[in-house]
Protein chains: 2
Amino acid sequence: MAPIVSGIALAEIAALMGDVARANILSCLMDGRALTASELTWHSGVSAQTASGHLAKLSEARLISMTKQGRHRYYRLASPEVAQAIEALMAVASFGPKRHRPVGPKDEALRRARTCYDHLAGRLGIALADALTGQDYLVLSDSAGVLTEKGQRFLCSFGIGLEEGGKSGRRGLCRTCLDWSERRPHLAGRLGAALCTRMFDLGWVERIKDSRALTITASGQRGLKEVFGIEPQG
Amino acid sequence: MAPIVSGIALAEIAALMGDVARANILSCLMDGRALTASELTWHSGVSAQTASGHLAKLSEARLISMTKQGRHRYYRLASPEVAQAIEALMAVASFGPKRHRPVGPKDEALRRARTCYDHLAGRLGIALADALTGQDYLVLSDSAGVLTEKGQRFLCSFGIGLEEGGKSGRRGLCRTCLDWSERRPHLAGRLGAALCTRMFDLGWVERIKDSRALTITASGQRGLKEVFGIEPQG
DNA sequence: GGAACGCTTCGGCCGCGGCCGAAGCGTTCC
DNA sequence: GGAACGCTTCGGCCGCGGCCGAAGCGTTCC
């Protein structure tokens, strides 16, 4: 009779994610940005009133957080843990019974390169992880990684400073995350986030409107080749 | 409009976990053992017919798998990925709005030591991870780890052989898993499973009936002290 | 100040899915 | 062979929760 309590707790959270409209909202927020209630309404597939109700439920359960700004209300995922749980569920979902719906160009774009909460995913994310380990910048033991000294110097030269935050310590420096499209882990944690931010800053990647998918710019193609030896596409 | 597809897939899986009876069933199976439909019925809190329906749904979605044996049907989690998703959800659930129900002795037992799928969790699991890293047997970069040579020798002397499986390679040697009660990662993957198995074999830990909780035996107390420098409890 | 906008609250409808009683089917036991 | 057991299938009930129309409230714009 022991696990009843944990069962209830599990069911509560899972049920929140188990509604299509709410799952759509959470999926949108998986790129880590904050979106307005209107934007989320649009993606959710239901009316504004209904979406508002869903946002209230998600907020109350602390899966998302809200900040007011003028007459807008911005919602974002409440924590990386929430993102991780969603990603883990998507990984399970992708194993499912051959539900490979007709794969459209949007899906292909997502598989090529996308953001996953605050870091890079898709083939680009995997290629990056492979490149860093291949050059001995990182030892990746399947589900997380340790930077080598060589790797620290490299990142520094690439414009990334990973100063140890006082409180957080080495926590979360290099987590990984199971990539649902590639079914292999990509880089998350502070390192993953820093790489992602740097690539946006350099103009190597750009967001595709209304999507988590990214385009790799011309300078991105060059840069990835030069710095990481990655040649996206083929 | 992009994420609609992934939203549906996410919602499908989450909804399966989002029913209290099904969540109870999944929680029971989190220790990695296979249980009969009757046992799961007992834990689920609903009638046998209803539980049977839930088991059918979970099976069809490939969250659990079934094997017949005589007039029994044994169910178990279908994959480590499913366990990981559940654990990630429980981690989110435990952050929740101070829903600390009256903590009973059973809950305390779970926090002390329990199995999590095929490895150890709770304070014992965390202490073990700390001990291994403290002795430089393992470099634990937050969400996974790499064994040192010293560590490999140690494990060998402790009776654990981690031969590289041909196909699986280094995959999953040392994953980690966020412990919902301690809120820090404990050891999972092949290493976590091997440590857990070894401790059962040595008679250091024993299962508490109808629970994921474990008791640490007298020889376990001694062994943990000698080999790992761990003194459980206080 | 009034209109447009962004978002939420309130009410009431409705259907999906969980529930159990009854029945059925395969296996084991003696 | 018959009874007990383990589990599932079938039917029909019922209520929770998602849904939208209407209304309301704060903010911005001119």
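Letters go in sequence order (proteins before strands), and every chain restarts at 1. These figures come from a predicted structure and were not determined experimentally.
- By the side chain to side chain contact (heavy atoms under 4.5 Å, CB included) test, B/Ala34 is found to be paired with B/Tyr74, B/Arg76, residues two or more places apart in sequence or in another chain being considered.
- Residues passing the side-chain hydrogen bond (donor to acceptor under 3.5 Å, both in side chains) test with A/Thr215: none are found, sequence neighbours excluded.
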For DNA chain C, what string of dots and brackets results from 5' to 3' when Watson-Crick and G-U pairs need both distances under 3.5 Å, crossing pairs get [ ], and pairs with another strand get |?
||||||||||||||||||||||||||||||
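- Residue contacts shown for B/Thr41 are absent, as no nucleic acid heavy atom lies under 4.0 Å away.
- Taking B/Leu202 as the reference, B/Phe158, B/Arg198, B/Trp204 meet the side chain to side chain contact (heavy atoms under 4.5 Å, CB included) condition, with sequence neighbours excluded.
- Every residue two or more places apart in sequence or in another chain that forms a side-chain hydrogen bond (donor to acceptor under 3.5 Å, both in side chains) with B/Ser47 is listed here: B/Gln49, B/Thr50.
- Residues satisfying the side chain to side chain contact (heavy atoms under 4.5 Å, CB included) test with A/Ala78, not counting sequence neighbours, are none.
- Take A/Thr36 and apply the side-chain hydrogen bond (donor to acceptor under 3.5 Å, both in side chains) test, not counting sequence neighbours, and it matches A/Glu39.
- Within a heavy-atom distance below 4.0 Å of DNA chain D, the residues of residues 67-74 of chain A found are A/Gly70, A/Arg71.
- Checking the phosphate oxygens (OP1, OP2) of C/dT8, a side-chain nitrogen or oxygen of A/Tyr75 falls inside 4.0 Å.
- Regarding B/Leu40, its CG atom lies at a distance of 10 Å from the P atom of D/dT8, rounded to whole Å.
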In the 5'-to-3' direction, what one-character label does each nucleotide of nucleotides 10-22 of chain C receive under the scheme B = base within less than 4.0 Å of a protein heavy atom, S = sugar-phosphate only, - = no such atom?
--------SSBBB
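- Annotation: side chain of B/Leu195 is in contact with side chain of B/Ile160 (closest heavy-atom distance under 4.5 Å).
- A/Ser52 meets the side chain to side chain contact (heavy atoms under 4.5 Å, CB included) test with no other residue; sequence neighbours excluded.
- Here A/Ser65 pairs with nothing under the side-chain hydrogen bond (donor to acceptor under 3.5 Å, both in side chains) rule; sequence neighbours left out.
- The minimum heavy-atom distance between A/Met199 and A/Leu120, with the atom names listed, is SD-CD1, 4.0 Å.
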